[in-house]
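Following: one structure in C-alpha cells, then a few remarks.
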Amino acid sequence: MKIETSSASPLEHGTPALVIGYFQDAKGELFSQCDAALDGLLERLAATKELNGKHNSTRLIHTMGRLPAERLLLVGLGKQGELTGERLRQGAGNAMQALRGVRVASFASALHLSGTSDSAVEAVCTGALLGSYTFDAYKTKEKEERFSFDTMTILFAEGGNEGAHAAVQRAEAICNAVQLTRNLVSHPGNVVTPAYLSATARELSERYGLGCRVLEMDELKELRLNALIAVGKGSVELPRLVTLEYRGGEEKDPPVVLVGKGVTFDSGGISIKPGQGMEAMKMDMAGAAAVLGTLQAVAEMKLAVNVVGIIPTAENMPDSNAFKPGDVLTAMSGTTIEITNTDAEGRLILCDALHYALTNYKPSLMIDLATLTGACVVALGHEASGIMGNNAELVEALKGAGERCGERIWELPLWDEYGEAMKSEIADLKNAGSRDGGTINAGWFLKQFVGSTPWAHLDIAGTAWTDKARPYTPKGATGVGVRLLIEYLSSK
Ligand code: BES
Ligand code: MN
Ligand code: ZN
C-alpha cells in the first residue's frame, strides 16, 4: 500500500472512505463536524451506544452524499487519557480490517488527529501498513478477485510539517522491513533454505552497500564452527554463516551485533519431532529473518550506529550423515558439548555464531533472537517474547523499547544454579537438560559463550507466528523483532 499526504481538510476531501478516531469520553471536533454534516446521526448512534468509542471497535457509515467522503469509518480509541501509540496502531489496524471487509482499496485517514505530535502519524501509518499485509505468493487461483490495498491518503490539516512527513517515511522504512521478515518466515522450507537466506543477505548488501560474507562448508570447517556444522550436515542443503555489516557510526565504535537463529526447517533431526504440527517448523528461521529485516531498516533509515547481523543457518534433518544423540563435538570456542537431543539444535548454531561474533567484531553488545524453546511458549504464551541476559541495563532498555513499540518482552532469570541441568558426564556441557526450566536452560547454555560482553537473548518461539489475527498483525508470520530492535537502536 502506498501512503500519500494531502493538506485537504477531512470535511472537504472526496474519498471512498474517511477514517476518523473518537474516544469513549470525548468525541472531538472532527466527530462533531461530521455529525453536523450528517444531521446529528452520529450523536443519535452514540445515545443508543451503537457508537461507544470503545478501544478495538469500528463502525462504518454511508454518508449519502452529505459529505465529500462516501463512507465514514469511525474508530474507537478507548478513553482519551489512556491513548498510547499502541492504541493508535491497533485503531489503524482495525480500520484496515473493516475496509478490507467492504473492499475499499483507497481511502483517506485523519486518525492521527486523535493523537498529538508526529509520533501519532507514525503510529497510524505503522498500524495501517502492517494491518494491510497478506501473503498469497502461492495462491494461483482467483488472483484477480483477491483484494489488496492501494493508497492511504493522510490528511494533514495544517499542510503537514517536516516532522510529520519524516514520520511517514520512518513508518514506511520500518514496515517494509517487517514485510521482508514476514515474507521470509511465511515461505516454506523448500524455498527458504540456507542458500536462500544467504542470497537475501547478498541482495541487501548490494542494494544498500553493506558488507556481506557467506561462509560455506569448507570455511566453516577451517574455522571449526563444528556445532553449526553438526546441525547442518544431515541435510543436502548445506549450512552457512552469513554476516552483514552496516557502518553508520564512527569508524572506531565497536558494533552492535545481532545474531538470528536461521534453522530453515527443524524436523528435530534424529531426535525427530512428532508429525503433528511439524509443518510449523518452517518458521524456525524467524530470528534470522528479523535480523535481515532490521539491517534493511537500519540501512534505509541511515541510523548513526554500527550494526553487524550474523546468521547461522542450517536445515535440521535426520540422515545417515546427521549428528546423533551421544555425539560429542568441540564448538568453535573449544568447549566440548555432548549431544543428548538433536532437537536442541538452535543453541548449537547460536553458540558458534556468538563466539564468532565475539572474536571477529569485539562488539559493544550482542543481542540474539531465536525461536529457541517450546518451553517459552508454555511459559509466556503468545503475548510476550522471553528475554534473558548478563546485563541489566541492556535488558531494561530492550524491555522499554518493547513496551513502546508493542512487542512485549518478559525477563526470566539466568542464575548459576540453572547450569546444573546442563552438566555432562563426558563433556563440558550437554545440549539439552530436562524439560523443567527449558527456556532458561537454553539461555544459560548460550551465556557460556558470550564472555563479559553485554548480551541479551530473546526467545521468540511464541511470538514469531500467530494463529490468531490481531489488529495490525494478520494470522501467520508476525515479523517480531524488527520494530523492537529499531526502537532500541534509535533510542540508544
Ligand atoms: N525450534 C524449536 C523450538 C520451538 C518450538 C519453536 C515451538 C517454535 C515453536 C527448538 O529447536 C526445539 O526443538 N527445542 C526443543 C528443546 C528441547 C529438545 C530441549 C523444545 O523446545 O522442545
Ligand atoms: Mn529443535
Ligand atoms: Zn529449532
Side-chain angles (χ1 to χ4, degrees), residues 185-186 189 192 194 197 227-228 230-232 234-235 237 239 259-290 311-318 322-327 337-353 368-386 388 412 418-419 421-424 429-446 457-468 476-478 480-481:
V185 176
S186 302
V192 174
L197 290 181
L228 172 58
V231 173
S235 171
E237 303 290 350
V259 179
K261 172 179 173 182
V263 173
T264 58
F265 185 71
D266 182 12
S267 70
I270 297 296
S271 313
I272 198 162
K273 288 181 181 292
Q276 179 85 40
M278 202 202 270
E279 68 277 11
M281 284 301 125
K282 69 171 184 178
M283 56 81 112
D284 213 16
M285 35 56 73
I311 292 163
T313 176
E315 186 178 60
N316 188 20
M317 294 290 267
F323 76 136
K324 54 194 180 294
D327 284 1
I337 304 168
E338 179 193 8
I339 302 305
T340 54
N341 191 325
T342 63
D343 198 10
E345 84 296 342
R347 63 200 73 180
L348 295 171
I349 71 171
L350 288 170
C351 79
D352 272 351
D368 76 75
L369 296 93
T371 45
L372 206 58
T373 64
C376 192
V377 190
V378 175
L380 299 175
H382 305 281
E383 301 306 322
S385 303
M388 288 138 271
L412 298 170
Y418 287 104
M422 306 306 285
K423 295 269 148 70
S424 160
L429 296 172
K430 57 184 178 187
N431 78 324
S434 78
R435 295 175 32 167
D436 304 352
T439 303
I440 301 176
N441 292 344
W444 185 92
F445 181 95
L446 296 179
H457 157 59
L458 287 157
D459 194 327
I460 58 171
T463 50
W465 189 272
T466 178
D467 290 328
K468 178 186 94 182
T478 63
V480 75

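For the single chain, residues carry numbers from 1 onward in sequence order. As the structure lists them, so they are numbered: ligands from 1, and atoms in each ligand from 1.
Smallest separation of non-hydrogen atoms from Pro325 and Ile270: CD-CG2, 3.9 Å. The nearest pair of heavy atoms linking Pro312 to Leu228 is CB-CD1, 4.1 Å. Of all the heavy atoms in Ala227 and Leu348, the pair that sits closest is CB-O, 3.3 Å. Nearest heavy atoms, Lys282 versus Met285: O-SD, 3.4 Å. Taking both residues in full, the closest heavy atoms of Ala442 and Leu372 are given as CB-CD2, 3.6 Å, listed atom of the first, atom of the second, then distance. The heavy-atom pair separating Ala353 from Val259 by the smallest distance is CB-CG1, 3.8 Å.
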Working note: Lys261 + Asp368, criterion salt bridge (charged side-chain N to carboxylate O under 4.0 Å, His left out); need CA distance, chi angles, decisive distance, verdict. CA-CA 8 Å; Lys261 172 179 173 182; Asp368 76 75; over 6 Å; no
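Atom 2 (C) of ligand 1 has Asp266 OD2, 3.6 Å as its closest protein atom, hydrogens excluded (heavy atom only). What sits closest to atom 12 (C) of ligand 1 on the protein, heavy atoms only, is Asp343 O, 3.2 Å. Protein heavy atom closest to atom 21 (O) of ligand 1, with residue, atom name and distance, is Gly374 N, 2.6 Å.
Not one N or O on the side chain of Thr313 forms a donor-acceptor pair closer than 3.5 Å with the backbone of Pro239. Using a distance-only test at 3.5 Å, with no hydrogens or angles considered, no donor-acceptor pair links the side chain of Ser267 to the main chain of Ile272. Under the 3.5 Å distance criterion, the side-chain polar atoms of Ser271 are matched with a main-chain donor or acceptor of Thr342. Not a single donor-acceptor pair under 3.5 Å links the side chain of Asn316 to the backbone N or O of Val263. Side-chain atoms of Asp327 come within 3.5 Å of backbone atoms of Lys324 as a donor-acceptor pair (strictly under, hydrogens ignored). For Asn431 (side chain) and Ala344 (main-chain N/O), a donor-acceptor pair under 3.5 Å exists by modelled atom type.
Of all atoms in ligand 1, listed by their number and element, those nearer than 4.0 Å to a heavy atom of Glu345 are 11 (O). Atoms of ligand 1 lying under 4.0 Å from at least one heavy atom of Asn341, given by number and element, are 18 (C). Listed by number with element, the atoms of ligand 1 under 4.0 Å from a non-hydrogen atom of Arg347 are 16 (C), 19 (C). Near Lys261, meaning under 4.0 Å from any of its heavy atoms, are these atoms of ligand 1: 1 (N), 10 (C), 11 (O). Remark: ligand 1 atoms within the under-4.0 Å shell around heavy atoms of Met281 are 1 (N), 4 (C), 5 (C), 6 (C), 7 (C), 8 (C), 9 (C). Which parts of ligand 1 touch Thr373 is read off a 4.0 Å heavy-atom cut-off, strictly below it: atoms 3 (C), 21 (O).
Using a 4.0 Å cut-off between heavy atoms, Leu372 contacts ligand 1 through its backbone alone, with no side-chain atom that close. Contacts between Arg435 and ligand 1, counted as non-hydrogen atom pairs separated by less than 4.0 Å, are absent for every part of the residue.
A distance of 11.5 Å separates CZ in Arg435 from CG in Asn341, rounded to the nearest 0.5 Å. With rounding to the nearest 0.5 angstrom, the CD atom of Glu383 is 8.0 Å from the OG1 atom of Thr466.
Ordered by chain and number, Lys261 NZ, Asp266 OD2, Asp284 OD2, Glu345 OE2 make up the set of protein N, O or S atoms under 2.8 Å of the Zn ion (ligand 3). Protein N/O/S atoms found under 2.8 Å from the Mn ion (ligand 2), listed by chain and residue number: Asp266 OD2, Asp343 O, Asp343 OD1, Glu345 OE1.
Across the listed options Thr371, Thr439, Val378, Val377, Thr371 owns the non-hydrogen atom lying nearest to atom 6 (C) of ligand 1.
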